Q: 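Questions regarding the structure given below will be posed in turn.
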Amino acid sequence: MKRIVSNDNFFARVYAVVARIPFGRVTTYGAIAEYIGSKSSARMVGWALNSDKTNLDMPYHRVVNRNGELTGSKYYPNPNMMRELLESEGVEFIENAVDIKKYFWKP
DNA sequence: CGGGTGACTTTAC
DNA sequence: CGTAAAGCCACCC
């Protein structure tokens, strides 16, 4: 039995949501996962970002965890790159996390 | 088909 | 603040 939605759609959905994030806004893995249909599968979102080979130009830096922490910054060439990208968009930081309450955006 | 893995989240201690 | 555990789903071998 094949699943009705999965595979290509999963990646496509992640890309679509990330690409839709407005300038100067951020979203969470959970929000993307929920929009995709699997609210509990936030891991899949992060996994998709790191596994994607087709849309490396995607603004992944606008995707943060529920606390607003840049968990993905570790996987960037430079750990500071992700933060500076967000700061350059006008996003305010609190310690090592973005003001998720203020800049959170959801599809 | 099963086991391992993971850029997450929540609850619990 | 830290670790632990469970839930979750798709990919890779």
Side-chain angles (χ1 to χ4, degrees):
Chain A
M1 297 281 287
K2 301 290 171 68
R3 306 233 187 319
I4 299 174
V5 288
S6 58
N7 300 327
D8 309 61
N9 286 325
F10 183 81
F11 276 69
R13 287 167 192 253
V14 175
Y15 302 148
V17 176
V18 175
R20 274 177 153 188
I21 303 174
F23 184 91
R25 301 280 186 180
V26 298
T27 190
T28 68
Y29 301 97
I32 297 174
E34 184 178 353
Y35 178 82
I36 291 171
S38 304
K39 58 181 179 184
S40 304
S41 308
R43 290 179 153 170
M44 275 59 273
V45 179
W47 156 84
L49 268 48
N50 192 18
S51 298
D52 87 69
K53 307 295 194 306
T54 48
N55 296 295
L56 297 175
D57 296 315
M58 197 71 71
Y60 296 137
H61 57 272
R62 292 183 187 151
V63 183
V64 297
N65 72 359
R66 196 65 183 97
N67 283 321
E69 300 174 77
L70 308 183
T71 48
S73 62
K74 314 182 300 193
Y75 287 76
Y76 269 71
N78 281 322
N80 296 341
M81 190 174 103
M82 193 171 181
R83 173 167 180 164
E84 296 199 5
L85 283 169
L86 289 168
E87 288 184 317
S88 68
E89 295 186 357
V91 177
E92 296 179 76
F93 271 73
I94 303 174
E95 298 298 319
N96 289 333
V98 306
D99 194 343
I100 191 67
K101 306 178 299 294
K102 188 173 182 181
Y103 296 100
F104 177 67
W105 174 87
K106 180 183 167 177

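Note on naming: letters A, B, ... go to the chains in the order of the sequence lines (proteins, then strands), and numbering restarts at 1 for each one. Owing to the predicted nature of the structure, the values given are computational and were not obtained by experimental measurement.
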Q: How many Å lie between OH on A:Y35 and P on B:dT9, as a whole number?
A: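 In whole Å, B:dT9 P lies 19 Å from A:Y35 OH.
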Q: Rounded off to whole Å, could you give me the CZ-to-C1' distance for the A:R13 and C:dA10 pair?
A: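 Spelled out: CZ on A:R13 to C1' on C:dA10 is 14 Å.
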Q: What is the separation between atom CD on A:E34 and atom P on B:dT9, rounded to the nearest whole Å?
A: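 From A:E34 CD to B:dT9 P: 12 Å.
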Q: Starting at atom CZ of A:F10, determine the distance to atom P of C:dC8, rounded to an integer number of angstrom.
A: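 For the pair A:F10 CZ and C:dC8 P, the rounded distance is 15 Å.
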Q: Can I get a per-line list of side-chain donor-acceptor pairs under 3.5 Å for residues 61-68 of chain A, giving both atom names and the distance, sequence neighbours left out?
A:
unit_1: A:H61; atom_1: NE2; unit_2: A:E89; atom_2: OE2; d: 3.1
unit_1: A:R62; atom_1: NE; unit_2: A:E89; atom_2: OE1; d: 3.0
unit_1: A:R62; atom_1: NE; unit_2: A:E89; atom_2: OE2; d: 3.1
unit_1: A:R62; atom_1: NH1; unit_2: A:I21; atom_2: O; d: 3.1
unit_1: A:R62; atom_1: NH2; unit_2: A:E89; atom_2: OE2; d: 2.9
unit_1: A:N65; atom_1: OD1; unit_2: A:N67; atom_2: N; d: 3.0
unit_1: A:N65; atom_1: OD1; unit_2: A:G68; atom_2: N; d: 3.0
unit_1: A:N65; atom_1: OD1; unit_2: A:E69; atom_2: N; d: 2.8
unit_1: A:N67; atom_1: ND2; unit_2: A:E69; atom_2: OE2; d: 3.2

Q: Check the angle between the aromatic planes of A:W47 and A:F10 and answer parallel, tilted or perpendicular using the 30° and 60° thresholds.
A: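 A:W47 vs A:F10 ring planes: tilted.
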Q: Once salt bridge (Lys or Arg N to Asp or Glu O under 4.0 Å) is applied, do any residues pair with A:R83, and if so which ones, sequence neighbours excluded?
A: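 Listed in chain order: A:E87.
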Q: Under a 4.5 Å cut-off applied to non-hydrogen side-chain atoms, are A:L86 and A:L70 in contact?
A: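 In short, these two side chains touch, coming nearer than 4.5 Å.
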Q: Tell me which donor-acceptor pairs under 3.5 Å the side chains of residues 93-107 of chain A have, and how far apart each pair is, sequence neighbours excluded?
A:
unit_1: A:D99; atom_1: OD1; unit_2: A:K101; atom_2: NZ; d: 3.4
unit_1: A:K102; atom_1: NZ; unit_2: A:E92; atom_2: OE2; d: 2.8
unit_1: A:Y103; atom_1: OH; unit_2: A:G90; atom_2: O; d: 3.2
unit_1: A:Y103; atom_1: OH; unit_2: A:E92; atom_2: OE2; d: 3.0

Q: Could you give the CD1-to-P distance, from A:I32 to B:dT9, as a whole number of Å?
A: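 Roughly 10 Å, once rounded to whole Å.
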Q: To the side chain of A:F11, which of C:dC11, C:dC8, B:dT9 is closest?
A: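 Selected nucleotide (nearest to the side chain): C:dC11.
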Q: Please determine, for the side chain of A:W47, which listed nucleotide (C:dC9, C:dA10, B:dT9) has the closest atom?
A: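 Of the options given, the side chain of A:W47 lies nearest C:dA10.
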Q: Using whole Å, report how far CG of A:L49 lies from P of C:dC11.
A: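 Interatomic distance, CG of A:L49 to P of C:dC11: 14 Å.
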Q: Nearest whole Å is fine: how far is C:dC1 P from A:N96 CG?
A: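 Going from CG in A:N96 over to P in C:dC1 covers 11 Å.
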Q: Quick one: which protein N/O atoms are closer than 3.5 Å to N/O atoms of nucleotides 5-7 of chain C? Pair and distance per line, please.
A:
unit_1: C:dG7; atom_1: O6; unit_2: A:R43; atom_2: NH1; d: 2.6
unit_1: C:dG7; atom_1: O6; unit_2: A:R43; atom_2: NH2; d: 2.5

Q: Enumerate the residue pairs fulfilling salt bridge (Lys or Arg N to Asp or Glu O under 4.0 Å) with a member in residues 17-31 of chain A, sequence neighbours excluded, ordered by first and then second residue.
A: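 Output for this query is empty, none listed.
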Q: Mind calculating the distance between CD (A:E69) and C1' (C:dC1) to the nearest angstrom?
A: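 So the two atoms are 12 Å apart, to the nearest Å.
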